[in-house]
Amino acid sequence: MEYYKLSAKPCSSYFFFAILLLFAFLASFADAAVHFHEFVIEAKPVKRLCRTHSTITVNGQFPGPTLEVRDGDTLVIKAINRARYNVSLHWHGVRQLRNPWADGPEFVTQCPIRPGQSYTYQFTIQNQEGTLWWHAHSRWLRATVYGALIIHPKLGSPYPFPMPKREIPILLGEWWDRNPMDVLRLALFTGAAPNVSDALTINGQPGDLYRCSSKETAIFPVEAGETILLRIINSAMNQEMFFGVANHKQTVVAVDAAYTKPFATNVIMIAPGQTTDVLLTADQTPARYYMAAHAYNSANAPFDNTTTTAILEYKSAPCCAKKGQSLKPIFPQLPGFNDTATATAFASQLRSLSKAKVPLEIDESLFFTVGLGLINCTNRNSPRCQGPNGTRFAASINNVSFVLPRRNSLMQAYYQGQPGIFTTDFPPFPPVQFDYSGNVPRGLWQPVKATKLFKMKYRSKVQIVFQDTSIVTTENHPMHLHGYQFYVVGSGFGNFDPKNDPAKFNLIDPPERNTIGTPPGGWVAIRFEADNPGIWLLHCHIDSHLPWGLATALLVENGVGKLQTVQPPPLDLPRC
Ligand code: C2O
């Protein structure tokens, strides 16, 4: 599917000169490649848990194709929509400098690609390396439309750790034994929570503990003694997960395509949207070992309590020489579903590898309450009010429940100066102060629906404190900011204390990420410099919370001159 194209079309008598110019041009981009791909989004039969579904895939693959590039490379991906749904694709974690047009969230940076239409995403990876991923960003299509995006260092630059013998992408996912788009549609009709998934998956496979699944369990062969790199991606819709490998320690070396100081752990916690790279040395008795993942459920709510597995198989294991399956793999110990202590202890060990460029003076200090809410109904018995006590579920930031526009995308409306699509009066702090993580009066449970953006100057130095609320339930909300990497400078339980907590911030080597969870009933603080103009979605990566409104968008104004200004949109950008 992939080919490289580094040519221009010289013509007439200037041919020789043009060739010279071309070589000079190419030399200045030594080794940077352009990768062309076609992503055909189409329904294909996929059989899981004994049943075949007509599943939306990319090029017939589930999970979708892995993209492998180097830092500095350009990707040109023609997305062709042959499905019956509107679709858009997002390159999760790619900074997309001055290029929001390639970012993908529907009605934010583009109108969706209609059935039968296509759109070409073109973007360059600039100073990023590690594990990212891509996924659909329209309704619940990302349940099956996702894949890994692996960025290797520039040619000749090494990893900051010994070269692993092999690299294995581990995509954690969720499977519904029905059409995920219908699961969402039903939930949005009734106002109740969407059904939980029927299986968790590793690389699209539930594994040995589910019906009709063990024949296709993912198996990863290793040579005894070698060290491998697992690129773990939580591409699940709604579920934070614990992940472990029986008898093997994992050494964390990167999260969200940013290197960390290495540390060893038995288990990792990973939230939807996040990636974690770990080194694993096959230093145990040659045998078969389960890798397993199950939920970290921080909320007081139903969840998928099943366990997905794959197998790490030593090639020299006695069983496997003859392909016999008799030797039962050893099972890892995973923490309890609600083990917040382990999740917190894991997160607290993350440090960026090198000294971080954390903004020290802050221009925009924002305090965002994040959490669920309930919309009251006049008729509590209405089929549309099947949430708790005849309400409809909602979610909000600072009491604003975000509504996507329908008539145009935010970015297109902004670029064209079209009024009436959004306002820029998103509140920098909650309209009412209350005991956020305590017992919240019922009168504060109902958010207001609106399309409000927060506007800031180019190069503003920004701090956002995300404060989880206990409205309906406290919960770990993985907050994802498009177009940026940020530093996670602090976190804690209870209410953020603006007097005493900032003194404890790590401004030396905080981890750099694109997605960070609020501790349940707690807060997390991030900092970054707004050096990427455009409109960038900020949202909870739990996909049941996003349609309920747990989102807003940052409008970062242009700076001065071309290099600080959003580039013009491509001609094939879909219109609404
Ligand atoms: Cu990975 Cu807006 O998402």
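Atoms within each ligand, like the ligands themselves, are counted from 1 in listed order. Scope of the values below: all heavy atoms of this structure, side chains included, with no hydrogens, waters or symmetry mates.
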Any chance the side chains of [X] and [Y] put a donor and an acceptor closer than 3.5 Å?
X	Y	result
H53	D177	yes
Y121	Q110	yes
R142	H92	no

>> So L89 and V145, do their side chains get closer than 4.5 Å, heavy atoms only?
In response: yes

>> Any non-hydrogen side-chain atom of V46 less than 4.5 Å from a side-chain atom of T57?
In response: yes

> Should we count CZ of R98 as having more than 12 external heavy atoms under 6.0 Å?
Replying inline: yes

> What are the protein N, O or S atoms, given as residue plus atom name, that sit under 2.8 Å from atom 1 (Cu) of ligand 1?
Replying inline: H92 ND1, H135 NE2, H541 NE2

